[in-house]
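Quick note on labels: first sequence line is chain A, next is B, and so on, each numbered from 1.
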Number of protein chains: 2
Amino acid sequence: MKGHQVTIKDIAKILHISPSTVSRALKDHPDINPQTKKNVQDLAKKLNYKPNLVALSLLQQESKIIGVIIPEIIHYFFSTVISGIEKVANEAGYHIIIAQSNESYYKEVENVQALLSSNIDGFIISMAKTTMQFDHFKNIEEIGVPMVFFDRSCDVVNADRVIVDDFDGAYKATKHLIDNGCKNIIHLAGPLNLDIGKKRKEGYLAALNESNLPIHDYSIQICDTKEQALQLIPELLRRHPLIDGIFAVNDLTAVGAIKAIKSIHKDVPNDILVVGFENSFISQISEPELTTIDQKGFEMGQNAARLLLKRIHSNENYGPVTTILNTELVQRKSSMKN
Amino acid sequence: MKGHQVTIKDIAKILHISPSTVSRALKDHPDINPQTKKNVQDLAKKLNYKPNLVALSLLQQESKIIGVIIPEIIHYFFSTVISGIEKVANEAGYHIIIAQSNESYYKEVENVQALLSSNIDGFIISMAKTTMQFDHFKNIEEIGVPMVFFDRSCDVVNADRVIVDDFDGAYKATKHLIDNGCKNIIHLAGPLNLDIGKKRKEGYLAALNESNLPIHDYSIQICDTKEQALQLIPELLRRHPLIDGIFAVNDLTAVGAIKAIKSIHKDVPNDILVVGFENSFISQISEPELTTIDQKGFEMGQNAARLLLKRIHSNENYGPVTTILNTELVQRKSSMKN
DNA sequence: CCTATTGTTTCAAACGTTTGCGAAATGAAT
DNA sequence: ATTCATTTCGCAAACGTTTGAAACAATAGG
């Protein structure tokens, strides 16, 4: 079925010279007769010769491919990260192969194994929510393939990391709500086994403590999807009508909260202020538009790729590097009372 | 830097047998002594042996990798397609390598060339908006690498295709507006060099003609981004106040239109009805939620992958297959007058 | 005429794996 | 003792490319 890419051997045969001469001619090696060089290069162009990267991979033990393992590509944040990775990788002559874990530990392990078989030059990974064992990452470490985590990182493994300052972002978000008059702010939190869940919660608590605002037993709710928010919020607000601010662990949950609030005929921002975390696309679609913390997906991807490339090209074995990106508060209507 | 994956040679050396014996032992070849087999398999497991797929690629001239070239991964539609592709591909033991054209013809050509070098087993492609030459696709065809187009396809090349019934979808959308009382419906159209732009426009026109509604010189506007809609719509509505329905070529443009309409203090759906095309994520975020045509991204991806795998595994050279997916009207608030 | 030098080309090995074929060893049958 | 079959294994080639070393030719210097 599949035809035949032109190879160095083909060219060699046609010109009655050896493959090694062709190889050298193509890369302008000084040893080669200018006339031979020209013949080879002309023919190569004419036949549309393209070097076989697989053969090169095998020979040079590098594939120029970076494996990216993420939970779900449909999340805006992850797709922006991918764009950032791809940009930097392409500029350095690398390609990326993407595998989704769909938030499943097993799929994640499978992906790691499969990519390890493919002579990947390095990994860029954001962990699945359900991952609580780390042997597959340790496996990567043992083999010596460079690996960079972003956003959701695994701290029992030696690897570079790129994260945003989740604590500070959460602090800023909460402080912003406090500054705008909120007295009873709840936090819709992510899973606390993930660093981002923990850190954002801590930033939230720090801001409350600093302003001596009370923390109730209902102040922190594990709730990080739109659906969960739609279900949880109406009942919660009924029971605790004094809630006047919501800080959600991500934008989608925040939008779910806004929709829920509207559904019980309360108003955002006049009754309750809402802040998200991500600055995703939907924050500009939402009504009112959502105040949020910019999570810098594209920059994160670029930084992750840069860290990885540096690691790939380095001979020394320097210790793990962690890059922490600054977050930024993006103010929109959902936190601006009229 | 990079360590050493365990190879068949390593195992052979340790057990003082030849690589070929190891290879056969690992795949339960009947020629091999059961005891040897056991030794090999045990050691392989112990050393965590993983076959080197690059070597296999080179030998068998297939990489078990599918190249996917899409305009932009951040678009919800494309990411759902990718998920569909990945699911089917993974089930068949394939992985996907993703390259974005960012709607640039040049980047698209580059990507094709690069992937051709990587012994890709097949391509799944959605063309960039700016692509009007097709030599790079013809190149793929000549070499004989299977190729499937989805959504935005190129008809000067022999290849399988998966598309939605754009004409019918557009017809349904427009008909829906007419049925709900619209008399002056405009169409925000995509680039007319793309099939989807053409077909959706034609479906729109067909519905208008069928109901004997007049078509004005301003009825069709080339406008397929949120930003363009935000800029275009207010002025357009000022000049033509009788417009009472908008059918946009995609959801994002529709949302832009809704925002624009609100900005001049008109109401959706009470003054103007709006319908999009895609059934993207944002159609449920928008206020009011957006009526739209489901473009079946996930199914499209699955179908594209299935067509490609069939082509890869087939020896005959059957003619190009086109799969047309049915669209579906998803009714939401943006087209339901109170 | 021999040696050294330079310019040009080829050889062979290597990367990891598979596989047709041949080889060695064993045992059984003649 | 010879032949034959069976069991088990290794050799070598192949995939496409690169690269150090060797080979060859031609020329110049002595």
Side-chain angles (χ1 to χ4, degrees), chain A residues 2-41 43-44 47-65 93 116-121 143 145, chain B residues 2-41 43-44 47-65 93 116-121 143 145:
Chain A
K2 201 157 84 178
H4 182 66
Q5 277 270 42
V6 177
T7 73
I8 275 193
K9 288 185 182 181
D10 297 328
I11 297 179
K13 207 165 289 176
I14 295 175
L15 295 178
H16 301 295
I17 55 180
S18 80
S20 24
T21 306
V22 176
S23 171
R24 291 192 167 102
L26 286 172
K27 33 188 34 135
D28 243 346
H29 195 287
D31 272 7
I32 304 297
N33 185 311
Q35 184 56 51
T36 315
K37 237 181 235 178
K38 188 167 178 338
N39 294 150
V40 170
Q41 287 168 356
L43 186 58
L47 297 183
N48 197 16
Y49 167 78
K50 294 268 152 33
N52 184 320
L53 294 185
V54 173
L56 273 177
S57 290
L58 185 59
L59 185 65
Q60 304 180 332
Q61 298 292 74
E62 58 165 29
S63 59
K64 297 278 183 183
I65 295 182
L116 274 179
S117 277
S118 301
N119 257 22
I120 293 291
D121 288 349
I143 294 174
V145 178
Chain B
K2 202 158 81 176
H4 182 65
Q5 277 268 43
V6 177
T7 73
I8 276 192
K9 288 185 182 180
D10 297 329
I11 297 179
K13 208 166 288 174
I14 296 176
L15 295 179
H16 300 293
I17 56 180
S18 80
S20 26
T21 305
V22 175
S23 170
R24 284 191 254 256
L26 286 173
K27 34 188 32 139
D28 245 345
H29 194 287
D31 270 8
I32 304 298
N33 186 311
Q35 183 58 49
T36 315
K37 239 180 233 178
K38 188 169 177 338
N39 294 150
V40 170
Q41 286 168 356
L43 186 59
L47 297 182
N48 196 16
Y49 167 78
K50 294 269 151 35
N52 184 320
L53 294 185
V54 174
L56 273 178
S57 290
L58 186 59
L59 185 65
Q60 303 180 332
Q61 299 292 75
E62 59 166 27
S63 59
K64 298 277 182 185
I65 295 182
L116 273 179
S117 277
S118 301
N119 257 21
I120 292 292
D121 288 349
I143 294 174
V145 178

Task: Trace of the side chain to side chain contact (heavy atoms under 4.5 Å, CB included) decision for B/I14 with B/L47 - done: CA-CA 11 Å; B/I14 296 176; B/L47 297 182; 3.9 Å; yes
TODO: Any chance you could lay out the side chain to side chain contact (heavy atoms under 4.5 Å, CB included) test for B/L26 and B/I8, step after step, and finish with the verdict?
DONE: CA-CA 9 Å; B/L26 286 173; B/I8 276 192; 4.2 Å; yes
Task: side chain to side chain contact (heavy atoms under 4.5 Å, CB included) assessment of A/L15 paired with A/V40 - done: CA-CA 8 Å; A/L15 295 178; A/V40 170; 3.7 Å; yes
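Comparing the helix axis at one end of the helix from C/dC1-D/dG30 to C/dT30-D/dA1 with that at the other, each defined from 5 consecutive pairs, gives an inter-axis angle of 90° (nearest 10°).
Using a distance-only test at 3.5 Å, with no hydrogens or angles considered, no donor-acceptor pair links the side chain of A/E62 to the main chain of A/D121. For A/S117 (side chain) and B/L53 (main-chain N/O), no donor-acceptor pair under 3.5 Å exists by modelled atom type. Not a single donor-acceptor pair under 3.5 Å links the side chain of B/K50 to the backbone N or O of A/S118.
The shortest side-chain heavy-atom distance between A/Q5 and B/V145 does not fall under the 4.5 Å cut-off. Side-chain contact check for B/V6 versus B/N48: every heavy-atom pair is 4.5 Å or farther apart.
Between B/A25 and B/I32, the shortest heavy-atom contact is N-CG1, 4.0 Å. Considering every non-hydrogen atom in both B/P19 and B/K9, the closest pair reads CG-CG, 4.5 Å.
The distance between atom NE2 of A/H16 and atom C1' of C/dT8, rounded to the nearest whole Å, is 18 Å. The CG atom of A/D31 sits 13 Å away from the C1' atom of D/dA23 (whole-angstrom rounding). Between the CG atom of B/L15 and the P atom of D/dT8 there is a distance of 17 Å, given to the nearest Å. In this structure, A/I17 places its CD1 atom 19 Å from P of D/dC24, rounding to the nearest Å.
Contact check of residues 33-40 of chain B against DNA chain C (heavy atom, cut-off under 4.0 Å) returns no residues at all.
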Listing time: all N or O pairs from protein to nucleotides 14-19 of chain C that are below 3.5 Å?
from: C/dC15; atom 1: OP2; to: B/K9; atom 2: NZ; distance (Å): 3.0
from: C/dC15; atom 1: O2; to: A/L59; atom 2: N; distance (Å): 3.2
from: C/dG16; atom 1: OP1; to: A/Q61; atom 2: NE2; distance (Å): 3.4
from: C/dG16; atom 1: N2; to: B/A55; atom 2: O; distance (Å): 3.3
from: C/dT17; atom 1: OP1; to: B/Y49; atom 2: OH; distance (Å): 2.7
from: C/dT17; atom 1: OP1; to: B/N52; atom 2: N; distance (Å): 3.1
from: C/dT17; atom 1: OP2; to: B/I8; atom 2: N; distance (Å): 2.6
from: C/dT18; atom 1: OP1; to: B/K27; atom 2: NZ; distance (Å): 2.9
from: C/dT18; atom 1: OP2; to: B/S23; atom 2: OG; distance (Å): 2.7

